[in-house]
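We name chains A, B, ... by the order of the sequence lines, and we start the count at 1 in each one. None of the values given here were measured: they were computed from a predicted structure.
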There are 2 protein chains.
Amino acid sequence: MNQRQVDTERKPAPGGGRPGKNGDGAERHEAIHRSISDAIIEHRLKPGARLREDALSEVFGISRTGIRKILQRLALEQLVTLTPRRGASVTRPTADEAKDVFDARQMVECGLMPEVARRITAADLEALRDMARRERQALKAGEQSTAIKLSAAFHGRLAHISGNATLAAFVEQLCSRSSLILAVYGNAGHLGCESHDHDDLLGYLEGGDGERARAFMSRHLKAIEASLSIHEEESEAPDLYEIFSG
Amino acid sequence: MNQRQVDTERKPAPGGGRPGKNGDGAERHEAIHRSISDAIIEHRLKPGARLREDALSEVFGISRTGIRKILQRLALEQLVTLTPRRGASVTRPTADEAKDVFDARQMVECGLMPEVARRITAADLEALRDMARRERQALKAGEQSTAIKLSAAFHGRLAHISGNATLAAFVEQLCSRSSLILAVYGNAGHLGCESHDHDDLLGYLEGGDGERARAFMSRHLKAIEASLSIHEEESEAPDLYEIFSG
DNA sequence: CTCGGCGATATTGTATACGCTTTCCCGCTA
DNA sequence: TAGCGGGAAAGCGTATACAATATCGCCGAG
């Protein structure tokens with residue numbers, strides 16, 4: 001009776017109901033990946049949470065093979081940590097990693113702003129304003145999960161406008177990791193991005209002022225980083241090496 | 001009789017010779033990954049080359065399961081392309097991708113130089129000088145494969161000195177992809193990095209002149225990019241849509 | 001009462017088997 | 001002779017089975 005399987009994407013099993021006989025599993029894998037990824041980004045899966053292969057395969061209705069593939073991809077994206085004989089768990093970023101991620105964002109996202117200001121279109125602005133608006137709404141409604149995801153999506157979308165797919169993908173990954181960092185080091189109730197920062201940024205971009213947008217983005221990211229309380233909470237693995245032999 | 005299996009790392013099969021019974025397969029996977037990765041970076045596997053799972057599993061003496069895992073990782077690193085029902089092949093970068101990669105390198109590697117100049121130690125300098133020397137030797141000896149790999153390793157190592165592991169990993173990935181780009185768009189006989197560029201760069205870094213190092217790195221990368229002949233050779237998939245329907 | 005050893009269980013690692021899709025070759029026909 | 005269609009083979013996608021190992025609880029001894 002533990003057959004309760006969530007269908008990630010309403011799909012009537014075109015193969016006739018027999019699971020996994022039709023070859024179009026690629027989309028399904030993609031959907032499952034996004035499903036788990038979203039759950040992590042939205043903090044519905046907290047850092048440290050274990051992700052057992054059996055459980056996931058049961059939930060999503062595919063075998064462990066497919067789950068392992070997805071888990072490995074998530075590991076390469078640094079969202080989950082794969083411990084050799086212990087399985088997968090949601091990554092708990094260290095303080096050093098957090099610093100690295102925000103330094104990287106500082107360099108790449110700020111560096112992208114001039115080009116974004118040059119290329120941004122009216123349609124882009126409209127879509128981004130809508131995202132910013134929905135983010136504020138979610139924040140006001142207390143739906144932190146939605147707000148976090150929208151914030152990451154905003155930054156990712158912005159990066160894509162630069163036209164550089166490689167850097168945009170990197171920024172997206174950094175934003176996902178930032179979401180994890182917020183989950184560990186963020187203060188409850190104080191979300192990363194200030195309410196009107198994104199709107200202000202769009203104003204500079206609309207005016208084509210790339211340099212001002214860059215400076216603002218820099219302050220924006222610094223503000224997020226400053227709002228964190230990074231205190232290297234070493235709950236597990238108390239660093240005996242460092243305490244004694246160190 | 002087709003049991004000729006290359007042992008990537010001289011390892012006497014501690015399990016007793018029976019393949020894959022001991023659980024320390026992680027190192028072996030790592031070794032196989034590096035083995036394939038190196039072959040691609042050194043152009044012993046040329047872009048477009050097909051990588052059949054059966055053949056690889058036979059060569060390395062592990063089952064297709066492990067090969068698939070490695071292939072998927074290589075795909076995420078953009079070194080191989082995974083076509084849904086057609087298997088894996090060495091990625092053939094498009095002209096757009098090439099531009100993106102070099103723009104990304106321009107932003108990240110140049111941006112890293114000031115911090116590298118601040119942190120570089122005498123030991124680092126010695127190691128890097130040795131790498132540059134070996135690269136020149138290889139180039140002189142006509143061993144392009146070795147030279148290419150050493151050049152990528154030089155840039156990667158340099159990035160690591162910054163202390164930012166995230167950005168360093170990104171740079172390493174970009175360098176690997178650059179190697180592929182050279183294989184497709186590079187002119188034979190003219191390797192990417194000029195002979196003495198790396199030594200000159202080390203000179204600036206030793207002097208702690210981060211800004212000059214940044215400017216030099218920028219010229220260095222521009223020179224490499226300019227040496228390419230990017231001509232969008234669309235041998236396969238002649239873009240009928242674009243030709244007719246416009 | 002606490003600590004150490006031991007066995008049962010749960011969970012991952014690896015290999016293999018099977019089905020489906022694609023591809024390639026060969027014969028057929030116009 | 002060239003184009004087309006069918007069949008056989010090859011290769012990928014998925015699931016399942018088996019083996020090895022880490023974890024956890026239990027029991028006995030000091």
Side-chain angles (χ1 to χ4, degrees), chain A residues 2-3 5 7-8 11 13-33 36 48-76 80-90 236-237, chain B residues 2-3 5 7-8 11 13-33 36 48-76 80-90 236-237:
Chain A
N2 43 13
Q3 198 55 33
Q5 103 185 25
D7 46 353
T8 315
K11 187 168 63 169
R18 214 156 66 267
K21 283 306 176 191
N22 43 352
D24 62 6
E27 312 169 2
R28 165 143 273 252
H29 280 187
E30 195 66 26
I32 295 173
H33 175 272
I36 300 178
R50 295 198 48 186
L51 303 170
R52 274 176 298 117
E53 298 177 354
D54 291 358
L56 290 174
S57 66
E58 205 172 284
V59 168
F60 289 106
I62 66 174
S63 80
R64 275 180 50 218
T65 308
I67 292 294
R68 287 177 67 83
K69 178 172 150 189
I70 294 167
L71 246 29
Q72 277 158 22
R73 177 169 164 199
L74 287 167
L76 255 59
V80 316
T81 301
L82 243 46
T83 315
R85 299 262 173 201
R86 303 276 307 279
S89 58
V90 178
E236 51 191 340
Chain B
N2 45 13
Q3 197 56 33
Q5 107 182 25
D7 44 355
T8 314
K11 187 167 64 169
R18 217 157 61 269
K21 283 307 180 192
N22 41 356
D24 60 9
E27 312 169 1
R28 166 144 272 253
H29 280 188
E30 195 66 27
I32 295 173
H33 175 271
I36 300 178
R50 294 200 46 187
L51 303 171
R52 273 178 297 120
E53 298 176 353
D54 289 354
L56 289 173
S57 65
E58 205 171 283
V59 167
F60 290 107
I62 66 173
S63 81
R64 274 180 50 216
T65 307
I67 292 295
R68 285 179 69 83
K69 177 170 149 190
I70 293 168
L71 245 28
Q72 277 158 23
R73 177 168 163 198
L74 286 167
L76 256 59
V80 315
T81 301
L82 244 45
T83 315
R85 298 262 171 203
R86 301 277 306 280
S89 58
V90 178
E236 48 191 345

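- No donor-acceptor pair under 3.5 Å is formed between the side chain of B:Arg28 and the backbone N or O of B:Ile62.
- Remark: C1' of C:dG13 and CZ of B:Arg28 are 15 Å apart, rounded to the nearest angstrom.
- Look at CZ on B:Arg52: it is 12 Å from P on C:dC24, rounded to the nearest Å.
- Comparing C:dG13, D:dC12, C:dA15 against the side chain of A:Glu53 picks out C:dG13 as the nearest.
- B:Leu71 has its CG atom 13 Å from the C1' atom of D:dG11, to the nearest Å.
- In this structure, A:Arg68 reaches the C:dG13 phosphate: one of its side-chain N or O atoms is under 4.0 Å from OP1 or OP2.
- Spacing between atom CD of A:Gln72 and atom C1' of C:dT12 amounts to 12 Å, rounded to whole angstrom units.
- Atom CZ of A:Arg86 is separated from atom P of C:dA10 by 17 Å (rounded to the nearest Å).
- With the nearest nucleotide of DNA chain C identified for both B:Ile62 and B:Arg50, B:Ile62 has the one nearer the 5' end.
- Comparing C:dG13, C:dT21, D:dT14 by their nearest atom to the side chain of B:Arg64 picks out D:dT14.
- Regarding B:Glu58, its CD atom lies at a distance of 14 Å from the P atom of C:dA15, rounded to whole Å.
- In terms of the side chain to side chain contact (heavy atoms under 4.5 Å, CB included) criterion, residue partners of B:Arg68 (sequence neighbours excluded) are, by chain and number, B:Glu53, B:Arg64, B:Gln72.
- Side-chain contact between B:Phe60 and B:Ile70: absent, with no pair of heavy atoms (C-beta onward) separated by less than 4.5 Å.
- Atom CZ of A:Arg85 is separated from atom C1' of C:dT11 by 11 Å (rounded to the nearest Å).
- Ionic pairing of B:Arg73 and B:Glu30 is present here: one or more N-O contacts between side-chain nitrogen and carboxylate oxygen are shorter than 4.0 angstrom.
- At whole-Å resolution of the value, CG in B:Leu51 and P in D:dG11 are 13 Å apart.
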